[in-house]
Amino acid sequence: MARGRIQSVARPNSGNLIIQILIMDAEQKKQDLIDFLQTIQRPDYPNHGIDEESSLVESGLIDSLALLQIVTYLEQTCRIDFAERGIDPGDLRSIRSILDLIARESQT
Amino acid sequence: MIPSVLASAYRQIAQFHENERLIAWLSAQRWVVGFTPERRQFVLFVGAIVAGLVGTFYRYDARRGTRVVAAWLVAGSVFIILLAIVYSLYLVAVHFKRLPLIIRGRPQICFHLLFWLLLLAIWSAPENSGLWWLMLSGVALSLPYLIWRCGYMLLSGQRGKAAGTGFRDHLFYIWPVWDGTNTPPGKGHDHLSRSVAQTPEAYARTFLGGIKLLLLVALWTFVMQLMAGLIYGDPKSPLKPLFQGHSLGLPRLKQILASGAALPLPVIWFSLYLELIWETLYIAAKGHVWIGVLRLYGFNVFRNTYKPLLAETVVEFWNRYYYYFKELMMEFFFLPTYARYFRSHARLRIIVAVFAAAFVGNMYYHLLQAKEPLVAADWHKLWSLLGARLVYCFLLAGGIAISMLRQQNRRGKPGTAAVLRSGGVHRLGRIACVWTFFAVINFWNVIANLTLSERARLFLTLFGL
């Protein structure tokens with residue numbers, strides 16, 4: 001798991017390395033998320049990508065039902081426990097908000 | 001050549017709210033620049049107090065049917081109690097993290113339990129047993145309007161988004177000047193604060209969007225009057241004289257139910273479909289008023305109804321028909337169930353969550369909506385209002401669950417298999433199936449003085465049984 005990778009290299013006196021790995025890890029998570037979104041995007045969505053801030057549903061990339069698949073993805077790959085914290089559709093609004101959620105949950 | 005010119009002209013007129021020159025002109029107007037988000041919110045805050053006061057007096061008067069001084073005194077007291085309840089809930093939302101664990105875990109259930117305790121107190125006291133009983137029943141009659149709105153405020157607290165907000169940031173959607181039913185159009189603070197127009201240009205854009213919706217209200221109202229005069233021969237339709245007594249004279253669905261369906265089968269089926277169109281126009285016109293006014297105040301929120309009659313799946317129709325009701329069911333019933341139960345059984349998880357929303361949640365919402373018999377503990381009346389709805393909600397939930405599972409299966413398939421066949425005939429076929437599903441289940445949604453078994457017998461006659 002990506003989370004485990006950060007913990008295994010987090011040693012004292014390796015500040016730059018940790019920051020570098022954290023950045024790489026964040027980039028990897030973002031890429032994983034984009035790859036996943038491509039598997040659930042609407043079949044008729046034009047293939048021109050989407051920026052991080054745009055609403056996934058309003059932009060037409062996914063339909064509202066696909067949010068449930070994002071929840072399952074986050075439960076399985078990031079070990080986020082929605083039973084405890086509840087599902088806030090605002091957290092799943094855009095790529096940025098999902099990444100923020102993952103970052104928040106990694107810290108807790 | 002001519003059709004493309006006409007199409008372009010139509011687009012320009014229909015999409016006037018996206019005309020950049022018009023937006024630029026409007027955003028330079030002094031009143032647009034001066035009507036800042038803070039000023040708009042202040043107007044809405046004052047409007048909320050007036051709307052709350054008027055709404056409470058209206059509800060109380062409608063029940064008592066009296067205009068004596070005592071009734072005014074009680075209604076005024078009820079308003080103050082309600083304001084105190086809303087303010088207490090605001091404090092709960094703002095200081096959510098400091099609440100006891102049991103409340104933090106299930107804030108909505110705790111709030112609803114308080115409402116049911118209030119009802120128990122009213123039911124257990126003899127009727128009209130003094131001023132306190134009158135006040136309590138007044139509060140109970142008003143709470144169904146506030147309960148979901150306050151629920152959104154609690155959700156905001158639960159999600160940590162209420163901290164640092166003022167009472168003014170919440171009151172305006174709890175007693176909104178744009179009114180609405182017990183369903184809050186525009187949802188609550190989280191959604192509204194995200195969608196507020198911050199610049200004159202964004203406000204001008206949103207304002208024009210609001211104007212467009214209000215124009216659509218006029219159009220849909222006209223079409224409904226046309227239907228009333230031409231199809232139903234409704235004597236109350238102002239357009240009836242235009243047709244000089246000519247009309248198809250088709251019955252409304254409630255008339256069919258009242259008559260025991262003693263009509264030819266094609267007429268009944270035609271009426272079922274027309275009822276669906278009528279209901280859609282009605283809900284669209286109502287919803288466009290709410291969202292239109294919201295947009296005039298700078299909230300760029302989704303329409304309540306968006307072309308549901310073009311939906312190609314049941315779940316898409318439900319999403320487009322009454323968006324804010326669906327959102328309410330999603331946020332208060334579907335998502336909590338989905339997050340907690342059957343997490344390792346993907347299909348069962350969806351089915352249970354759909355039934356929690358479209359069946360349990362839907363029934364519960366309408367139970368609270370039947371506030372008069374509920375407060376009066378008139379179980380017979382409640383059953384006559386809601387008995388058939390049990391079947392309606394069950395069929396609706398079943399249809400949505402199947403539609404969701406089918407859609408999810410389709411999404412999982414790679415390449416072209418994932419795309420619905422997009423030919424005109426196939427598309428029309430899918431739309432017709434959706435119309436038929438909702439037209440048929442609506443048979444159980446129309447209030448009529450029939451027992452369940454009588455209605456079931458009539459229902460079977462639709463299929464020649």
Side-chain angles (χ1 to χ4, degrees), chain A residues 33-47 52-98 100-105 107-108, chain B residues 104-108 155-156 158-161 187-191 193-195 300-302 313 315-316 318-320 323 326-327 330-332 334-346 349-350 353-354 400 403-408 410-420 422:
Chain A
L33 178 63
I34 290 170
D35 290 346
F36 167 71
L37 290 175
Q38 278 170 350
T39 67
I40 61 163
Q41 76 175 48
R42 288 168 70 120
D44 51 348
Y45 184 76
N47 196 19
E52 278 186 30
E53 307 294 336
S54 297
S55 162
L56 298 172
V57 176
E58 284 168 44
S59 68
L61 180 79
I62 59 169
D63 56 47
S64 54
L65 178 59
L67 288 181
L68 304 181
Q69 285 176 295
I70 299 178
V71 169
T72 311
Y73 168 80
L74 293 173
E75 283 174 339
Q76 289 170 355
T77 59
C78 305
R79 301 273 178 263
I80 295 177
D81 186 2
F82 286 98
E84 202 176 284
R85 65 182 312 286
I87 300 171
D88 178 358
D91 285 337
L92 310 174
R93 198 175 163 270
S94 63
I95 293 175
R96 169 60 30 218
S97 61
I98 297 172
D100 288 346
L101 170 69
I102 296 172
R104 273 202 312 275
E105 290 297 311
Q107 285 163 9
T108 54
Chain B
R104 266 187 290 145
R106 300 276 196 286
Q108 305 292 340
L155 264 186
S156 198
Q158 196 174 6
R159 292 167 180 168
K161 290 174 181 166
K187 310 202 307 185
H189 171 262
D190 299 355
H191 189 64
S193 60
R194 248 197 332 260
S195 58
N300 189 18
V301 289
F302 276 153
T313 62
V315 72
E316 195 186 342
W318 204 52
N319 195 32
R320 290 167 166 222
Y323 176 74
K326 184 231 59 175
E327 282 293 290
M330 280 288 280
E331 298 236 24
F332 291 95
F334 185 96
L335 293 179
T337 311
Y338 190 81
R340 284 195 172 110
Y341 304 106
F342 302 107
R343 291 160 66 192
S344 52
H345 303 82
R349 189 181 189 187
I350 288 184
V354 167
I400 292 170
S403 179
M404 276 177 107
L405 292 174
R406 277 166 58 99
Q407 219 166 312
Q408 231 169 26
R410 209 177 290 129
R411 195 184 290 110
K413 289 177 187 164
T416 50
V419 187
L420 284 169
S422 54

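In what follows, chains are A, B, ... by sequence order, proteins preceding strands, each numbered from 1.
Atoms CG and CG, on B:L335 and A:L67 in that order, are 8.5 Å from each other to the nearest 0.5 Å. Rounded to the nearest 0.5 Å, atoms CG (A:D88) and CD (B:Q158) are 9.5 Å apart. Between the CD1 atom of A:I87 and the CZ atom of B:F334 there is a distance of 8.0 Å, given to the nearest 0.5 Å. To the nearest 0.5 angstrom, A:T72 atom OG1 is 5.0 Å from B:R349 atom CZ.
Between B:R340 and A:A83, the shortest heavy-atom distance links the atoms NE-O, 3.8 Å. A pairwise comparison of heavy atoms in A:G90 and B:K161 identifies CA-NZ, 4.4 Å as the closest pair. Of all heavy-atom pairs between A:V71 and B:Y338, the closest is CG1-CE2, 4.0 Å.
Across B:E331, B:M330, B:H191, a single residue satisfies side chain to side chain contact (heavy atoms under 4.5 Å, CB included) together with A:P89, and that is B:E331.
Interface residue A:E75: only side-chain heavy atoms are found under 4.5 Å from chain B. At a 4.5 Å heavy-atom cutoff, A:R85 makes no contact with chain B through either its backbone or its side chain. Proximity to chain A (any heavy atom under 4.5 Å) is restricted, for B:F302, to the side chain, taken from C-beta onward.
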